[in-house]
Undergrad: 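Sharing a structure below in structure tokens format, with a few things to ask.
Chain letters run A, B, ... following the sequence lines, proteins first and then strands; every chain starts at 1.
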Amino acid sequence: MADIFLNNLFLIIAALIMAIYLFLGIISMFQLIDYKRANRYTEFNALLSSPLAPGVTVIAPAYNESKTIVDNIKALFTIQYNNYEIILVNDGSTDDTLNRIIQEFDLVETEYIAYAALPTQPVKGIYKSRNQAYSFLTVVDKQNGGKADALNAGINVSHFPYFVAIDVDSIVIPDALQKLVKPFLSHTDNKTIATGGVIRIANSCKIENGQVVQVNVPDEYIARFQVVEYLRAFLMGRMAWSKLNGLLIISGALGMFDKDIVVQCGGYNSNTVGEDMELVVRMRRYLYEQGVKHKVEYIPDPLCWTEVPATHDALQRQRNRWTRGNMDTLKMHRKLFFNPKYGRLGMLGYPFWLFFEWLAPLVEAGGYVFMLFLLMTSMINWPVFLFLLLFVYLFSVSFSFYAVLFDEFTFHRYHRFAHLRKLFIIPFIEPIVYHPLNVYWAIRGNISFLKGNRKWDKLERQGFSNTASE
Amino acid sequence: MLRRYKAIAVFTTAMILLIAFSSIVKSWLMQKNWVLEGNNIFDWLHDLGRYLMATIEANQKQSTLLLWLFPVLFTALLLTVVNIVTIALFILLRRWGSIRFLHRKNEMRKKVQASIIEYLYGDSESALEQMKQLKKQMLIEEIISLRKQITGSQTENLQQLFYQLGLDTFVVQKIKSARWFNKVLYIDAAQWMQVYASFELIQPYQYAGNPHLRNVAQMACVNLDTGQAFAFLNILDQSLPIWHQILLHKTMVRSSLPLPDFYSFLQSENASVIVFALNMIRLFSQKGSKDEIIRLVTHHDPVVRRNALRVVRDLNIYEAIPVVKQNFLGETLRVQVGMIQALSLDKPQETFEFYRNIWLDTPRRLQAEILKHVSPGLQAMLLKDMERVQIEQKQN
Amino acid sequence: MKILICESNPLLVQLMGKELMSEQNEVHLAWVGEEMASQLTSFAPDILITEVLLPQINGFEFIHNARLQFPNMMIIVISSLISNRLTELIFRLGADEYISKPFDPTQLNNHIQRAILRKKNSLISNAIDYVTKI
């Protein structure tokens with residue numbers, strides 16, 4: 001009896017998951033169409049000349065980036081926006097990151113105020129350039145305290161009502177700020193509190209002076225899998241959640257926030273590795289408690305290119321960290337779970353994240369164990385089993401294909417034939433090779449979370465200087 | 001209603017279709033022989049489906065759920081395969097540019113561009129004849145996109161072309177009938193080409209539910225109405241977001257319209273309209289009743305208060321300073337930042353005294369903001385004073 | 001004179017081409033990102049007229065590279081960018097003249113003549129400076 005029950009359970013779960021994904025896909029499609037229509041005749045350039053456009057602070061934390069830091073900062077200078085400042089936070093680097101910047105941009109230490117709205121590790125100095133051309137650059141040197149702590153230090157010295165948190169080594173396209181700030185300016189009834197942009201993968205792309213000049217599909221297979229994975233996650237997942245107003249996360253590589261609200265709810269939390277997700281959840285929770293109608297938005301334009309881990313080991317560590325970050329946030333805010341007081345966040349966003357991002361890999365692993373059990377007791381009905389397997393497999397393949405199709409129709413970044421050839425193979429191998437690995441890593445993440453590991457592993461990046469010198 | 005829940009509608013339809021289709025498939029699988037018997041691929045599928053169904057039925061241990069779901073799954077499987085193949089083919093065909101209409105559209109666009117250039121620089125008569133056969137929407141899109149980038153004598157030629165092609169009547173007609181995202185295009189065109197005949201038609205859209213449409217209609221009316229260009233501000237009860245204000249401001253600057261007296265909108269019930277009026281007063285340095293502005297420094301909406309403070313600072317309304325000082329401590333943080341900036345109007349010594357008196361009652365976050373936003377000289381004075389206070393505290 | 005015009009709006013680029021076309025000028029046009037860079041290298045123009053807000057390629061980068069490649073070329077930027085800081089950046093990257101959109105295309109020729117004159121003058125005065133310093 002038990003196995004029939006389990007059989008049915010897995011069947012129902014699988015069918016439900018597929019139906020939900022299908023539904024999200026449809027919402028995303030409409031959302032993309034709407035976005036395209038609404039922005040077809042939009043003059044984003046109006047922001048460049050208008051005195052009414054609000055100021056934006058760009059905060060980039062850096063830790064031991066000595067090799068690439070100068071190029072990275074120069075790349076930030078190409079951002080097209082009228083009224084912005086760049087705050088680079090040197091988070092207690094142990095190499096010569098700070099010296100390099102000081103030399104390159106002719107920085108001098110300025111007097112600063114020891115008051116801070118958000119508590120951080122002590123600030124050692126604040127630097128500004130003597131060269132007028134770099135007047136909008138501020139460098140904060142502080143003791144090491146992690147990414148969240150560095151971002152908080154940046155918020156403390158920022159002047160403008162909005163800030164953008166970016167990874168210093170990700171490549172921000174020139175009009176990213178215009179696109180990100182627009183939802184803040186055009187909301188009518190729901191106050192926009194945060195916006196995020198789609199992240200694209202820069203591995204193997206040709207990069208010159210901080211801009212992607214030629215888009216390529218990555219050479220390494222492990223990065224190629226992530227291309228399709230990111231397309232799916234951003235164009236099909238997050239777009240739908242943006243529409244449903246149930247977004248829980250703005251990815252740490254690029255996101256714009258309303259500074260006042262961030263400060264009011266205490267800034268980034270430096271006790272978790274998932275600080276990007278935790279902040280959004282906390283902001284939303286705070287606003288629900290205050291009774292403020294609000295929304296978090298995603299912009300489908302590819303605004304940011306980033307290098308993703310290209311080796312097994314690095315990727316495993318990243319996924320491990322993501323899982324721990326998820327669990328941390330979910331645990332901290334467990335009060336939200338199906339709590340009608342928290343509206344869409346509590347009734348839709350949080351439960352979805354709990355079931356699909358945290359529990360799904362565990363359930364899947366359970367499924368594998370169950371299957372093994374059936375195999376050993378030879379109770380398996382082979383033809384039916386194979387049929388179901390084939391069905392699930394093809395469903396996931398077609399889902400990936402839809403993601404590629406969405407990209408094709410909207411932003412069309414992989415425009416060569418060779419790109420297509422590479423991209424079309426990925427969906428077929430991914431469910432067999434990459435997906436099980438992901439499940440495995442997620443479980444390892446769960447284990448290390450239970451063991452109490454809350455540390456941030458520094459992501460190993462290959463550095464853009466290598467790719468640029470080709 | 002349907003538009004709002006279109007995703008749900010599409011999803012349910014898809015599900016219903018799937019179930020309906022699967023019942024057909026089921027009856028197809030139930031039959032031993034069928035119409036196209038003998039066709040290899042379909043036969044193979046038919047046999048496979050029948051075989052699977054038979055195994056499920058034969059196996060007592062399998063649940064009835066699976067038996068019931070099987071036709072649905074089988075249909076879904078077929079559909080997924082079809083899906084994958086079509087998507088791949090579609091993308092590839094698109095890349096080859098051999099999907100006819102896409103290709104044709106590009107060709108057409110090139111033709112439109114060539115004939116516009118021909119009209120401006122070559123034989124305008126024949127170019128005109130040629131253009132009469134081309135698609136009007138595309139002509140409008142191209143003419144407007146060019147018109148936005150240039151000034152001078154060529155703009156008159158473009159306008160002439162627009163009227164010679166009879167696009168003005170086309171635009172009027174389309175504003176009535178097109179879908180909203182096309183309406184935006186045609187209203188915009190009417191504005192750039194000064195189609196005054198469309199004014200009556202556009203007017204009601206100033207209060208449309210769709211913000212994009214509303215905004216473009218407002219801009220058009222500002223340009224087309226010769227009498228009371230900003231009358232809509234008196235009636236508007238929807239909000240006027242900053243983005244719309246930016247575009248309206250840009251339109252005003254571009255066409256150098258005679259400005260209305262924005263002070264007359266400061267009594268409005270709609271807070272966003274007040275904010276807009278305040279911004280325009282500030283940007284065009286309009287003179288008017290200072291009392292009105294000072295009254296708004298204590299308005300119930302913090303956004304209005306903040307913007308009133310910016311007017312106080314930029315237009316040097318010294319009379320507001322006592323009011324600002326009086327309300328300083330009870331304010332929200334963001335307004336307080338505005339107040340700090342407004343107080344920079346006052347003499348540094350006075351401001352210093354003011355901050356010094358309230359310093360001990362001030363929360364840390366506000367102290368930080370004060371130090372961040374005051375002038376460097378004042379900042380040094382305050383910092384020095386703080387040290388003294390701290391030393392005194394330690395001694396006690 | 002050889003002139004290359006880069007601009008993302010195909011109609012505008014053709015219009016400018018017509019304005020500048022004359023017996024002494026050879027004009028090439030480019031309105032697709034990739035084409036701009038390749039045209040620049042193969043055509044080696046005396047005057048480059050370009051927008052900076054370009055889809056697909058970064059206009060700032062483009063100007064910078066053009067300046068490195070052809071130190072003596074005239075670079076004229078026609079752009080809808082109005083921000084002071086960014087126009088400064090454009091000049092730092094090596095542009096000789098900046099025209100803001102919307103502009104009068106019939107005046108384009110005059111603009112270019114004036115810019116050439118100015119550049120010549122500054123070259124002469126630089127040379128004089130150089131000589132007098134010695």
Side-chain angles (χ1 to χ4, degrees), chain B residues 97 105-124 127 130-131 134-135 137-162 165 188-189 191-193 223 246-247 249-256 283, chain C residues 3 5-23 25-36 49-56 59 76-84 86-87 97-114:
Chain B
K105 213 171 163 183
N106 267 335
E107 286 299 304
M108 189 98 126
R109 204 168 278 279
K110 271 185 199 150
K111 229 188 243 170
V112 168
Q113 288 162 356
S115 48
I116 292 176
I117 294 290
E118 179 68 16
Y119 177 87
L120 294 176
Y121 288 95
D123 182 0
S124 42
Q130 205 190 349
M131 271 190 267
L134 296 172
K135 229 181 137 205
Q137 176 172 352
M138 209 174 269
L139 278 166
I140 292 176
E141 276 173 359
E142 292 296 323
I143 292 176
I144 298 301
S145 82
L146 182 60
R147 172 63 187 84
K148 283 183 179 174
Q149 314 243 9
I150 61 173
T151 58
S153 56
Q154 290 294 13
T155 59
E156 281 152 32
N157 292 338
L158 275 180
Q159 199 153 336
Q160 201 189 339
L161 168 66
F162 191 82
L165 284 170
D188 200 37
Q191 172 207 320
W192 280 96
M193 290 297 152
N223 263 332
I246 287 173
L247 293 177
H249 175 245
K250 204 183 168 196
T251 315
M252 277 186 260
V253 174
R254 193 191 65 222
S255 47
S256 50
L283 295 176
Chain C
I3 305 175
I5 309 177
C6 301
E7 154 68 52
S8 52
N9 184 337
L11 200 47
L12 184 62
V13 78
Q14 288 173 51
L15 186 93
M16 289 197 274
K18 284 280 180 193
E19 285 290 344
L20 296 178
M21 203 86 82
S22 64
E23 280 180 10
N25 288 348
E26 187 191 348
V27 183
H28 279 208
L29 309 174
W31 57 86
V32 183
E34 288 167 36
E35 212 181 301
M36 293 177 190
I49 300 175
T50 181
E51 162 69 285
V52 277
L53 305 176
L54 295 165
Q56 293 176 29
I76 297 171
V77 175
I78 301 185
S79 175
S80 41
L81 195 80
I82 313 185
S83 138
N84 283 337
L86 293 174
T87 39
E97 178 77 16
Y98 178 81
I99 302 170
S100 70
K101 277 185 194 168
F103 68 107
D104 187 349
T106 49
Q107 297 296 319
L108 199 57
N109 240 324
N110 293 345
H111 263 294
I112 293 174
Q113 295 309 329
R114 244 178 298 155

Undergrad: Considering all heavy atoms of both residues, which atom of B:Glu142 and which atom of C:Leu11 are nearest to each other, and what is their separation?
TA: O-CD2, 3.4 Å

Undergrad: Tell me the closest heavy-atom pair linking B:Thr151 and C:Pro105, and the distance in Å.
TA: O-CD, 3.5 Å

Undergrad: Look up atom CG in B:Asn157 and atom OG1 in C:Thr106, then write down how far apart they are to the nearest 0.5 Å.
TA: 9.5 Å

Undergrad: Could you go step by step and tell me if C:Lys18 and B:Leu120 meet the side-chain contact (heavy atoms from CB on, under 4.5 Å) rule?
TA: CA-CA 9 Å; C:Lys18 284 280 180 193; B:Leu120 294 176; over 6 Å; no

Undergrad: Using 0.5 Å steps for rounding, measure from the CE atom of C:Met16 to the CD1 atom of B:Ile150.
TA: 10.5 Å

Undergrad: Between B:Lys110 and chain C, which part of the residue has a heavy atom less than 4.5 Å away: side chain, backbone, both or neither?
TA: neither

